[in-house]
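Structure record follows, encoded as structure tokens.
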Amino acid sequence: MSEVVNYTREGNIGVITVNYPPVNALSQAVRSGLVAALEHGQKDAEAKVLLLVCEGRTFIAGADIREFGKPMQEPGLPAVVEQFENSDKPVVAAIHGTALGGGLETALGCHYRIALSSAKVGLPEVKLGLLPGAGGTQRLPRLAGAQKALEMITTGEFVAAKDALAFGIVDAVDESNDVKAAGIAYAQKLADEGKPVRRVRDLTDRIEADKGSDVFDQFRSALQKKARGQLSPFKCVDAVEAAFNLPFAEGMKRERELFMECMDSPQRAGLVHAFFAERQVSKVKGLPKDTPVRDVSSVGVIGAGTMGGGIAMNFANVGIPVTIVEMKQEALDKGLGIIRKNYENSAKKGRITQKQVEDRMALITGSLNYDEFKNVDLVIEAVFENMAVKKEIFAKLDSVCKPGAILATNTSTLDIDEIASATNRPEDVVGMHFFSPANVMKLLENVRGSKTSDEVKATVMAVAKKIKKVGVMVGNCHGFVGNRMLHKRGAEAMALVNEGATPQQVDKVLTDLGYPMGQFAMADLAGIDVGYRIREEMRNAGEDVAPSWMDKLAEQNRLGQKTMAGVYKYEEGSRKPIPDPEVERLIGDFRKEQGITPREITDQEILERCMYVMVNEAAKILEEGIADRALDIDVVWIYGYGFPAYLGGPMFWADQIGLDVILAAVEKYHREVGADYWEPAPLLKQLVADGKKFGDL
Ligand code: 3H9
């Protein structure tokens with residue numbers, strides 16, 4: 001018998017058990033083990049009904065993603081599922097944890113399904129740039145109809161057991177937490193009642209009901225907006241539609257063709273890279289796995305502004321009490337009011353209940369007094385970017401907070417070590433850089449200072465997980481990983497417009513690549529005054545800051561979305577940027593003032609300058625050890641800046657373009673543009689010389 005799948009018998013029930021930690025993925029060993037165990041069960045004269053069940057934390061969570069991109073080894077999963085469906089003896093799948101992808105498809109090949117009430121099912125292949133390739137697109141609609149099947153397959157979202165029951169995906173839900181006992185009891189009942197096999201492929205009611213429906217076109221047109229630039233969501237619709245237009249066997253062939261198209265696409269490679277990268281970042285290089293983690297069951301936040309409020313919500317959302325301290329009652333009331341409004345909006349959209357709104361608000365208290373931080377386990381400072389103010393706050397925290405409390409700053413650019421130097425416990429000081437809106441964006445850049453202890457590092461990574469963020473540990477430098485790269489892209493975007501491009505041309509190149517918004521639309525969202533204030537402060541400090549047409553926007557009170565005019569103009573109630581001839585004139589005047597003769601700039605030049613400048617900077621970031629691995633940078637950009645996951649992140653993308661191509665362009669722009677940041681990164685040169693990629697590091 002196979003090591004990972006075994007066959008036993010309990011009375012007249014033949015039990016096929018998968019045991020392949022951590023998630024019982026369908027590796028070649030599992031697939032062949034399943035076939036062998038099924039054959040065993042078929043031959044076992046004593047077995048009247050067969051039961052498929054899994055050991056460990058979950059039912060089969062899908063195909064083994066690590067096998068993707070390698071030659072397929074027999075038996076293929078569609079054939080395995082078919083053999084289960086062909087069985088003459090009824091087969092029951094008993095589901096606990098998550099039955100996902102090929103796991104759910106295997107269960108759909110069984111004749112009956114029972115799930116624990118805590119279980120979830122889903123076909124998340126689309127999130128990996130794929131579609132269900134073992135009959136999921138053909139069998140799910142036969143149980144759940146076109147609408148539900150399309151929803152599940154195009155979003156990849158999981159469905160709770162009780163909903164799966166309502167949709168016809170499972171036949172029974174068991175309230176216990178013993179999946180094997182529940183499965184055996186159900187199988188026994190079937191055996192006692194002499195229930196026949198029931199093959200999903202033969203079910204036709206739902207197919208007849210939805211044949212010719214316009215639901216497929218509705219999904220396609222909704223996806224034009226939601227899944228712009230992506231391949232697999234559209235292929236998912238095509239595959240599901242085939243279930244309604246073709247006999248089962250033909251539909252399976254169509255599914256296979258579409259599946260292979262997706263499997264061979266670079267988007268699949270990018271998304272699989274992103275999947276593993278997201279999991280890798282939680283394993284911080286050089287941080288021992290058994291590093292103790294401090295308990296964080298109460299949190300303090302300084303500042304009730306947009307960032308502070310959003311940060312506080314993350315903790316209240318997972319049941320952790322938060323105290324927000326502000327300087328003035330008015331600011332505190334305003335901040336708490338905004339938090340309530342955000343929750344109320346979520347309730348209106350049906351995302352949370354009114355009770356949850358009240359429960360979460362009850363966890364958030366406001367105060368004007370730092371003494372409230374006496375007993376908290378973690379304080380996060382989220383005031384404006386000013387070193388002197390931050391140092392004053394940290395000195396105060398040092399005197400108020402209990403020993404062992406973690407003192408974190410949400411700074412997006414400032415030196416963590418200098419902030420830590422205002423305390424007598426720099427080992428407890430760390431950066432926790434949230435991304436705006438902090439209650440939505442999934443990235444948390446945890447920034448280690450030179451003295452931050454391992455325990456504190458491990459704790460902030462655990463906190464990220466607890467509040468459902470993707471935590472990435474990075475080093476201390478101006479802008480850390482994300483903003484340091486963004487600043488270079490911003491400088492190039494400005495230079496391109498100065499030289500002759502329009503803001504909308506630059507933004508379009510970025511959105512065509514897959515970014516949710518371009519550089520200038522983003523500036524309008526953040527507020528034109530933000531950069532203006534920073535530049536003014538630098539000028540006041542005697543620094544040499546080049547003039548910018550953005551300053552003129554700020555001086556005309558064109559501050560972005562909030563004043564309905566910035567780089568773009570906006571219509572009442574809309575966030576859609578509309579190019580404004582007035583701004584083009586203003587830019588034209590600026591060029592004249594600066595003695596610049598505008599030239600035609602190609603989209604390719606925009607793409608290269610905006611992207612390669614980031615890749616070159618990222619190579620320096622890697623070299624300096626600010627990021628531990630290229631994949632950390634990829635994850636920062638996917639979760640902090642909406643870089644399209646299907647491109648795998650900027651480093652994975654760069655590897656696909658070819659580092660030699662990028663280096664040649666960086667050298668060219670270094671000569672032509674001349675800015676310091678175009679100085680080619682030695683690491684980039686080294687990798688090209690060695691014929692290596694970022695992914696090889
Ligand atoms: C598919 O099925 C295609 C078919 O339609 C057609 C075939 C012909 N394979 O996430 P976690 C690893 S496509 C290999 O931290 P959690 C993961 O890397 C597949 N490894 O745990 C990690 O390893 P490590 C469709 C996998 O409890 C460890 O397991 N299925 C796989 O937070 C723990 O993972 C999916 O897309 C896999 N399939 O969440 C499901 N899955 O410890 C993808 C996980 O070394 N998986 N690993 O870092 C998930 O959504 C989550 O992992 C799951 C558990 C919800 C299962």
Side-chain angles (χ1 to χ4, degrees), residues 413 477-526 528 530-532 534-535 538 544-551 553 566-568 577 583 587 590-591 594 596-621 633 636-637 640-644 647 649-651 653-654 657 659 661-681 684:
T413 46
C477 69
H478 187 84
F480 318 125
V481 169
N483 281 346
R484 179 167 157 185
M485 289 164 68
L486 180 70
H487 291 163
K488 303 296 178 287
R489 191 188 80 179
E492 272 310 284
M494 284 303 286
L496 283 159
V497 172
N498 289 347
E499 289 168 38
T502 59
Q504 55 271 27
Q505 190 192 357
V506 174
D507 279 3
K508 184 167 183 309
V509 169
L510 295 174
T511 52
D512 282 353
L513 183 70
Y515 280 103
M517 61 171 70
Q519 183 74 28
F520 294 103
M522 204 170 87
D524 273 355
L525 180 67
I528 301 294
V530 178
Y532 178 70
I534 295 173
R535 287 190 294 279
M538 288 162 77
D544 183 22
V545 181
S548 152
W549 52 268
M550 285 266 204
D551 293 340
L553 292 181
V567 179
Y568 297 96
V583 174
I587 294 171
F590 176 80
R591 290 188 190 120
Q594 300 295 314
I596 302 167
T597 312
R599 64 181 172 90
E600 191 82 8
I601 296 189
T602 64
D603 288 356
Q604 182 62 23
E605 179 175 346
I606 293 174
L607 180 75
E608 290 180 1
R609 285 176 62 180
C610 287
M611 285 302 297
Y612 296 176
V613 78
M614 294 211 311
V615 173
N616 191 43
E617 193 65 24
K620 294 174 189 170
I621 283 171
I633 300 175
V636 163
W637 272 82
Y641 302 85
F643 190 91
L647 297 180
M651 310 310 275
W653 176 85
I657 298 285
L659 297 190
V661 174
I662 293 182
L663 177 62
V666 167
E667 284 168 339
K668 179 178 110 168
Y669 293 125
H670 188 218
R671 282 191 306 274
E672 290 175 5
V673 180
D676 290 351
Y677 50 70
W678 277 115
E679 170 90 44
L684 188 58

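The figures here come from the full heavy-atom set of this structure, side chains too, leaving out hydrogens, waters and symmetry mates.
Ring geometry for Tyr612 against Trp653 counts as tilted: the plane angle lies between 30° and 60°, on a 0 to 90° scale. Between Tyr515 and Phe643, the ring planes lie perpendicular to each other; the angle is over 60°, past the 30° to 60° tilted range.
Within the 4.5 Å cutoff, the side chain of Trp678 has no heavy atoms near those of the Arg671 side chain.
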side-chain contact (heavy atoms from CB on, under 4.5 Å) between Leu513 and Leu647, intermediate numbers included: CA-CA 9 Å; Leu513 183 70; Leu647 297 180; 3.9 Å; yes
Between Met485 and Trp637, does a side-chain contact (heavy atoms from CB on, under 4.5 Å) hold up when you go through it step by step? CA-CA 9 Å; Met485 289 164 68; Trp637 272 82; 3.4 Å; yes
Verify side-chain contact (heavy atoms from CB on, under 4.5 Å) between Met522 and Asp507, making sure each step is shown before the conclusion. CA-CA 9 Å; Met522 204 170 87; Asp507 279 3; over 6 Å; no
What do the steps show when you test Val567 against Gln504 for side-chain contact (heavy atoms from CB on, under 4.5 Å), and what is the final call? CA-CA 9 Å; Val567 179; Gln504 55 271 27; over 6 Å; no
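Arg609 and Glu499 are joined by a salt bridge, as a carboxylate oxygen and a charged side-chain nitrogen come within less than 4.0 angstrom of each other. A salt bridge links Glu605 with Arg599: the closest approach of a Lys/Arg side-chain nitrogen to an acidic carboxylate oxygen falls below 4.0 angstrom.
The nearest pair of heavy atoms linking Arg591 to Asn498 is NE-O, 3.1 Å.
Of the listed residues (Glu492, His487, Glu617, Lys488), just one forms a side chain to side chain donor-acceptor pair (under 3.5 Å) with Tyr677, and that residue is Glu492.
Aromatic ring centres of Trp549 and Phe520: separated by under 6.0 Å.
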